[in-house]
Amino acid sequence: MTPLGLYLHIPFCSHICNYCNFNRGLLEGDLKRRYVDALETEIRRAGDGSDADTIFFGGGTPSLLEPGEVGRLIDACRASFAISSDAEVTLETNPETVSAGRMRGFCEAGVNRVSLGVQSLHDSELERLGRQHSAQRATDALAQVREGGIGNTSLDLMLWLPEQALADWQATVDGLVALGPDHASLYLLELYPNAPLREEMARARWSLAPDDDAADMYLWALDRLESAGYSQYEISNVARNRRESRHNLKYWTGGGWIGFGCGAHSTRDGRRWKNRSSTEEYIAAVAGGGHSRIDECHLSHEERLEERLFMGLRLTRGVNLAAISEEFGVDVWARYGGELEPFRDQGLLIYDASFLRLTRPGMLLANEIMRVFISPSVR
Ligand code: SF4
């Protein structure tokens, strides 16, 4: 059994960004205290001593917690699961919450990796997104994370932003290279239907670059990062010094994880469940002595296969076909080859009898290609 990952959801932010569709709300002191209590209780109640080797604080803005609160939650994980001595413990962090002192506190509490939500190194772009930090603040924050003793760092960037030109994006990527984190995630801005940013864009007449430019931004960034010593290992993620996100790799390789907190998802031993999304309902369910799980189900053989293919294809190493055949008794090319062949002919997919993997241009059309694995009744 590969060790579990533990995900802790912290749904608080000091400000709501105009494009955000995550499960989060504004920080409120009393609610935060009650929530941390509930989270600790849920972790201790679920603990069964199983091996785990990653803890990931995601949000929201987990760095709004106090170091002592993060320490309590890590201690609860350690008391309830067999956490390996070299576990990866990640804290998602927003630049405006950082000081060297707070980072030292998080480090002493057991955090050894910080994922910093930088998004852009242009103030005008950050303002359009409604972010609370400036480019300089983000740069200073990374220095303070390191000063606080946390050397393993990841930066998040977003591309295809309103009014962003290719040259702007290139300058941000160059800036990231100069900052030298071990890991970076590059996300395309996705505008959900009611995002306030949509209205602001219409009002201010901000436009998005054409689709072809978005593709150029993505491909240029990966080339630039590669020439700076980073290796792409997933559609949106690069790392150097072998510092891939061990936690996120569990999602992409069929590993097991338990999610704690409101709205958190879990997948373990072929079962899947989700916690209640509402913060108050989650706290009430835990305080009432029950658990807050909903939608618990056993994944069928076909669902597990679909997911393994779907997620595995996100990785640059692709899907190991022999492993799939052994685990699921399925010859992937025999079953899906007819539908995948046109993608291979267009140079979007590589099939070499051992692995199935996307080419970089194929990664731009990943969703379209991966639809092949979804059963026709739900496509
Ligand atoms: S900080 Fe992150 S989670 Fe919070 S509102 Fe902004 S994008 Fe959403």
Side-chain angles (χ1 to χ4, degrees), residues 1-5 7 50-54 56 84 86 88 183 185-186 218 222 225-226 230-258 265-272 298-376 378-379:
M1 290 290 283
T2 53
L4 289 168
Y7 173 84
S50 298
D51 291 339
D53 66 354
T54 65
F56 193 102
S84 63
D86 68 342
E88 175 190 271
H183 186 280
S185 303
L186 314 177
Y218 175 77
L222 291 173
L225 289 163
E226 217 158 64
Y230 292 88
S231 302
Q232 183 188 16
Y233 68 100
E234 194 266 350
I235 290 179
S236 304
N237 288 280
V238 302
R240 63 179 183 181
N241 305 325
R242 306 184 60 81
R243 282 191 157 167
E244 292 92 359
S245 164
R246 282 163 55 195
H247 183 81
N248 287 343
L249 275 169
K250 293 183 191 297
Y251 303 143
W252 300 316
T253 56
W257 69 91
I258 305 181
H265 292 255
S266 304
T267 298
R268 186 182 188 186
D269 303 333
R271 281 181 307 128
R272 168 164 299 164
H298 273 275
L299 296 173
S300 68
H301 178 270
E302 283 301 300
E303 285 169 329
R304 287 194 300 116
L305 171 64
E306 251 173 41
E307 180 150 316
R308 282 294 290 282
L309 296 172
F310 211 85
M311 298 306 264
L313 214 51
R314 296 191 62 88
L315 296 168
T316 51
R317 67 173 182 246
V319 175
N320 181 333
L321 299 175
I324 295 289
S325 165
E326 194 177 319
E327 188 175 343
F328 296 96
V330 168
D331 178 333
V332 172
W333 195 256
R335 188 195 275 203
Y336 301 103
E339 284 187 87
L340 292 173
E341 191 90 56
F343 297 117
R344 182 165 75 154
D345 293 346
Q346 293 168 61
L348 302 172
L349 187 74
I350 295 169
Y351 164 63
D352 66 5
S354 313
F355 277 86
L356 192 62
R357 60 172 72 94
L358 295 174
T359 61
R360 251 186 214 159
M363 289 177 182
L364 289 163
L365 295 170
N367 288 344
E368 197 179 319
I369 298 169
M370 289 169 181
R371 274 165 57 89
V372 166
F373 302 129
I374 301 175
S375 70
V378 290
R379 275 186 208 174

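Basis for what follows: all heavy atoms, side chains included, without hydrogens, waters or symmetry-related copies.
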Response to the item:
To the nearest 0.5 Å, atom CE of M363 lies from atom CG of L349 at 10.5 Å

Item to complete: State, yes or no, whether a side-chain contact exists between W252 and I235 at a heavy-atom distance under 4.5 Å.
Response: no

Worksheet item: Where do K250 and T267 land on the side chain to side chain contact (heavy atoms under 4.5 Å, CB included) test, with the steps shown first?
Response: CA-CA 10 Å; K250 293 183 191 297; T267 298; over 6 Å; no

Worksheet item: Thinking salt bridges, do E341 and R344 make one under a 4.0 Å N-O criterion?
Response: yes

Fill in: Interatomic spacing from CZ in R371 to CG in N367 - rounded to 0.5 Å
9.5 Å

Discussion item. Is any side-chain heavy atom of R268 closer than 4.5 Å to one of I258?
Written reply: yes

Worksheet item: Closest approach of N237 and S185, non-hydrogen atoms and distance?
Response: OD1-OG, 2.6 Å

Worksheet item: Would you say R317 has more than 12 foreign heavy atoms packed within less than 6.0 Å of its CZ?
Response: no

Item to complete: Begin from the C-alpha positions of V372 and L309 and carry the test side chain to side chain contact (heavy atoms under 4.5 Å, CB included) through to its verdict.
Response: CA-CA 10 Å; V372 166; L309 296 172; over 6 Å; no

Practice prompt. Drop me the distance from T253's OG1 to R314's CZ, to the nearest 0.5 angstrom.
Written response: 13.0 Å

Practice prompt. Identify the two heavy atoms, one from E88 and one from H247, that lie closest to each other, and give their separation to 0.1 Å.
Written response: OE2-N, 3.0 Å

Worksheet, complete the sentence: S50 and L4 have their tightest heavy-atom pair at CB-CD1, 3.9 Å

Discussion item. Rounded at 0.5 Å granularity, tell me how far CG in L222 sits from OG1 in T316.
Written reply: 10.5 Å

Fill in: Test item: D352 and R357 side chains (from C-beta on) under 4.5 Å apart, heavy atoms
yes

Response to the item:
Smallest heavy-atom separation, R246 atom then D86 atom, equals NH1-O, 3.0 Å

Practice prompt. Provide the closest heavy-atom pair for R243 versus H183 in the form atom of the first, atom of the second, distance.
Written response: O-CD2, 3.4 Å

Practice prompt. With sequence neighbours excluded, give me every ring pair (Phe, Tyr, Trp, His ring centres under 6.0 Å) pair touching residues 311-333.
Written response: H301-F328, W333-Y351

Discussion item. Salt bridge (charged side-chain N to carboxylate O under 4.0 Å, His left out) for R272 and E303? Distances and angles first, verdict last.
Written reply: CA-CA 11 Å; R272 168 164 299 164; E303 285 169 329; over 6 Å; no

Worksheet entry | Under 3.5 Å: donor-acceptor pair, side chain of T2, backbone of G255 | no

Worksheet item: For the residue pair L313 and L358, what are the closest heavy atoms and their distance?
Response: O-CD1, 3.5 Å

Worksheet item: Nearest 0.5 Å, what's the CD1-CZ distance between I324 and F355?
Response: 10.5 Å

Worksheet, complete the sentence: So CZ of R308 and CG of N320: to nearest 0.5 Å the spacing works out to 9.0 Å

Worksheet item: For L340 and F373, what are the C-alpha separation, side-chain angles and deciding distance, and is it a side chain to side chain contact (heavy atoms under 4.5 Å, CB included)?
Response: CA-CA 10 Å; L340 292 173; F373 302 129; 4.2 Å; yes

Practice prompt. Taking atom types as modelled, find out whether Y251 and H265 have a side-chain donor-acceptor pair closer than 3.5 angstrom.
Written response: no

Item to complete: Output, in order, the C-alpha distance, side-chain angles, deciding distance and verdict of side chain to side chain contact (heavy atoms under 4.5 Å, CB included) for S245 and Y233.
Response: CA-CA 10 Å; S245 164; Y233 68 100; 3.5 Å; yes

Worksheet item: Sequence neighbours excluded, which residues qualify as side-chain contact (heavy atoms from CB on, under 4.5 Å) partners of F310?
Response: M370, I374

